[in-house]
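Here's a structure for you.
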Amino acid sequence: MIKYTLEKQLSAAIAIYLDRPDLDARLDVPNNTSYGDYSTNVAFLLAKSLRFAPQKIAEMLCEKLAADPAFNDYLTFTPINGFVNVRLSDRFLWSRLEALFEKRDRFPSHDQSRTLLEYVSANPTGPLHVGHGRWAVLGDVMARILRFSGADITREFYINDAGNQIKNFYRSVDAARAGDPIPEDGYHGDYILELAKSYDDPIQVMLDRQIQTLRRLDVEFDSWYSEKSLHNNGKVSQALSLMKEKGLTYEQDGALWFASSRFGDEKDRVLIKADGNLTYFAVDVAYHVDKIDRGFTRLLNIWGADHHGYVPRVRAALAGLFGDKFDTDQGFHVLIGQLVSLFRNGEPVRMSKRTGEMVSLDEVIDEIGVDATRFFLIQKSADTQLDFDLELASRKSSENPVYYVQYAHARMCSIVEKVGILGPFNNLESLVLLPEERTLLLKALQIYDDIYDTALMLSPHRLVQYLTDLARTFHNFYEACPIMKATGPDKAKRLYLLLQVREVFRLCFGLLGISAPEKM
RNA sequence: GUCCUCGUAGCUCAGUUGGAUAGAGCGUCAGAUUCCUAAUCUGAAGGCCACAGGUUCAAUUCCUGUCGGGGACACCA
């Protein structure tokens with residue numbers, strides 16, 4: 001954590017100089033890196049209260065920082081346009097490179113919560129589509145990153161194996177088995193006819209198929225939680241009793257209502273319908289109560305955008321039952337995964353399970369492969385709608401950005417194979433770094449900062465961004481700094497740098513769940 | 001109609017407590033290989049950051065409104 005460490009140290013020092021104990025200076029990477037490796041804008045923020053021009057303050061701070069023995073052997077400071085710019089010495093960078101894979105001070109603090117991450121949770125009434133694939137990869141990568149950064153995390157798939165959709169599904173298969181037309185509001189895909197050919201439980205068949213598809217994508221779960229089991233072991237009635245005890249419910253028009261509007265929802269919600277049946281919501285409350293009963297202190301969910309209106313009522317239920325403990329984003333957080341729109345030759349492809357007209361996740365994997373599918377689905381922010389042209393993706397598969405990062409790794413492997421791992425790698429810190437070497441080295445050191453940000457913001461696409469940047473700096477290094485032809489300490493220096501960078505690549509590939517090919 | 005969300009290069013999209021000259025990939029054009037893999041690199045063109053106001057030293061970023069895409073508004077799941 002190079003940036004966060006520096007940020008803390010510099011912030012504390014500046015706070016003392018200016019006698020501002022609560023000062024929290026932030027470091028940024030300047031968009032023009034000739035200014036420095038990092039910069040801070042504190043001078044702007046304090047200009048008014050200190051009654052000095054930002055540039056004056058920046059100059060004063062740089063002077064004090066430069067004289068501080070805590071920094072002056074490895075940092076230089078330059079005031080430009082009111083910013084305080086910081087540059088790290090080559091020697092310092094090199095020492096950090098050598099310590100890059102030591103476990104200590106990777107991350108500032110360990111998250112003490114027990115996290116349950118629930119994702120995909122598709123109805124077992126059809127094959128997974130690309131939207132499911134997006135949430136699957138999103139959840140999987142999120143879990144890998146959180147786990148790496150020290151969190152205790154459990155991955156769970158909620159099986160919706162009860163309720164009306166399930167009845168409807170059985171009706172459709174039964175009709176097909178009897179040779180009758182499938183009900184208008186039933187499921188109409190070709191796979192229904194296929195299911196009708198055997199007498200296996202269609203739900204089990206579909207679930208197995210979903211699991212298989214997820215395995216293909218290298219998406220695993222620690223726990224498969226059955227909705228049906230909630231009913232069978234009385235969890236639903238327990239949850240409802242609990243709500244009644246707490247005075248959160250009332251009866252009206254023959255139904256049982258939850259007063260969710262008292263907790264921020266826009267209206268009250270029905271738990272038991274007038275016909276005596278439970279709503280999906282009632283069962284979902286029970287499910288979330290059970291998560292908490294199982295000892296989880298942080299609930300993360302990934303839901304499709306079509307469920308985002310559902311968030312306030314679940315939050316309201318948790319607030320009503322458990323107070324503010326789970327009311328905050330820290331306790332209960334929902335990542336909304338926007339849908340993926342598929343195109344083929346520029347024409348939109350519909351994705352309705354009901355009409356049966358859809359492209360399955362399996363077909364996409366068949367067309368473009370696991371690595372490209374994962375990379376494509378994770379590289380964009382989860383909350384933007386994604387347009388995905390299958391024809392384009394398969395036709396241009398060799399130009400897919402995933403190959404850009406993988407090729408960098410293959411190039412490194414090729415060099416190592418040719419050159420061998422020649423030591424000794426000592427006394428290299430005193431060598432001068434070329435610009436391409438330095439840029440690559442600094443980028444590699446920033447890996448934990450980026451992982452930390454990614455974990456904090458729950459946005460895995462940031463790591464893809466980082467990896468692409470790293471690949472670019474490597475390709476630049478490759479063009480400018482030959483290793484095989486280099487001699488003496490230069491050769492060892494570059495080789496050592498490359499070996500460490502290759503480990504960073506492997507770390508990223510592992511977190512993203514894509515392969516690290518040695519040859520391409 | 002109400003609420004949520006998005007609108008950034010020709011295309012797909014990054015850009016988070018508001019900072020310096022707004023970026024990447026693809027596509028287009030012009031170059032680079034006697035040299036560790038050219039699935040690469042260098043350069044160029046390409047932008048009213050949807051629009052209009054507001055907040056302030058500073059707005060792609062925050063606020064308000066308008067327009068446009070998507071979604072949600074059930075005693076469905």
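Reckoned from all heavy atoms, side chains included, excluding hydrogens, waters and symmetry mates. Below, chains carry the letters A, B, ... as their sequence lines are ordered, and counting in each starts from 1. No experiment lies behind these values; they were computed from the predicted model shown.
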Can you list every stem that RNA chain B is part of, counting only runs of 3 or more consecutive Watson-Crick or G-U wobble pairs with both distances under 3.5 Å?
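If one scans RNA chain B for consecutive Watson-Crick or G-U pairs, the stems found are B:1-7 with B:67-73, B:10-13 with B:23-26, B:28-32 with B:40-44, B:50-54 with B:62-66.
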
Output field: ring centroids A:Phe44/A:Phe83 closer than 6.0 Å
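Yes, they do, as the ring centres are separated by less than 6.0 Å.
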
For A:His475, report the nucleic acid contact type (base, sugar-phosphate, nothing); a contact means any heavy atom under 4.0 Å.
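Sugar-phosphate contact only.
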
Whole-angstrom distance between B:C6 and B:A44, as gauged at atom P:
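Comparing P positions in B:C6 and B:A44 gives a spacing of 34 Å.
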
Thinking salt bridges, do A:Lys493 and A:Glu437 make one under a 4.0 Å N-O criterion?
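Yes.
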
Hey, are A:Glu417 and A:Lys519 close enough for a salt bridge, meaning a charged N less than 4.0 Å from a carboxylate O?
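Salt bridge flag = yes for A:Lys519 with A:Glu417.
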
Looking at every strand, decide which applies to A:Ala274 at a 4.0 Å heavy-atom threshold: base, sugar-phosphate, or nothing.
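It contacts base atoms.
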
Roughly how many Å apart are B:C29 and B:U17, using the C1' atom of each and rounding to a whole number?
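Straight-line distance between the two C1' atoms is 42 Å.
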
If you look at every strand shown and take non-hydrogen atoms under 4.0 Å, does A:Ala408 touch a base, only sugar-phosphate, or nothing?
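No contact at all - A:Ala408 keeps every heavy atom at 4.0 Å or more from the nucleic acid.
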
Rounded P spacing from B:C41 to B:G27 in Å
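About 12 Å, rounded to a whole number of Å.
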
Sticking with atom C1', work out how far B:U61 lies from B:G1, rounded to a whole angstrom.
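My reading of the C1' atoms in B:U61 and B:G1 gives 30 Å.
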
Contact class for A:Lys519 vs. all strands (heavy atom < 4.0 Å): base, sugar-phosphate, or nothing?
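Result for A:Lys519 = base.
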
Is a side-chain N or O of A:Arg26 found less than 3.5 angstrom from the main chain of A:Glu7, in a donor-acceptor match?
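Looks like no, no N/O pair under 3.5 Å.
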
Looking at the rings of A:His409 and A:Phe474, which for Trp means the six-membered one, are their centres under 6.0 Å apart?
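A:His409 vs A:Phe474: aromatic centres not under 6.0 Å.
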
Assign each of A:Ser34 and A:Tyr280 to its nearest nucleotide of RNA chain B by heavy atoms, then name whichever residue's nucleotide is nearer the 5' end.
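The residue whose closest nucleotide sits nearer the 5' end is A:Ser34.
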
B:C11 to B:C4 separation - P atoms, rounded to the nearest Å
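Straight-line distance between the two P atoms is 29 Å.
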
If each of A:Glu266 and A:His307 is mapped to the nucleotide of RNA chain B with the nearest heavy atom, which maps nearer the 5' terminus, i.e. the 5' end?
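Final value for this comparison: A:Glu266.
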
With rounding to whole Å, what would you report as the distance between B:G19 and B:C13 at their P atoms?
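Result for the P pair: 24 Å, nearest Å.
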
Between A:Asn85 and A:Thr78, is the side-chain hydrogen bond (donor to acceptor under 3.5 Å, both in side chains) condition met? List the steps.
CA-CA 5 Å; A:Asn85 294 285; A:Thr78 326; 5.8 Å; no

Neighbour count >12 (heavy atoms, 6.0 Å) for atom NZ, A:Lys491:
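More than 12 within 6.0 Å, yes.
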
Salt bridge (charged side-chain N to carboxylate O under 4.0 Å, His left out) contacts touching residues 454-476 of chain A (sequence neighbours left out)
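Those involving residues 454-476 of chain A are A:Lys443-A:Asp469, A:Asp469-A:Arg472.
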
Atom C1', compared across B:A77 and B:G47: separation rounded to whole Å:
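That atom pair is separated by 44 Å.
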
Strictly under 6.0 Å, is that where the ring centroids of A:Phe157 and A:Tyr119 end up?
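Not under 6.0 Å, so no.
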
Which whole number of Å gives the distance between the C1' atom of B:A30 and that of B:G23?
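Per the computed distance, 22 Å lies between those C1' atoms.
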
Treating primed atoms plus P, OP1 and OP2 as sugar-phosphate and everything else as base, which nucleotides of nucleotides 8-20 of chain B get B, S or - for protein heavy atoms under 4.0 Å?
----BSSSSB-BB

Report which part of the nucleic acid A:Cys413 touches: base, sugar-phosphate, or nothing (heavy-atom distance under 4.0 Å, all strands).
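It contacts nothing in the nucleic acid.
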
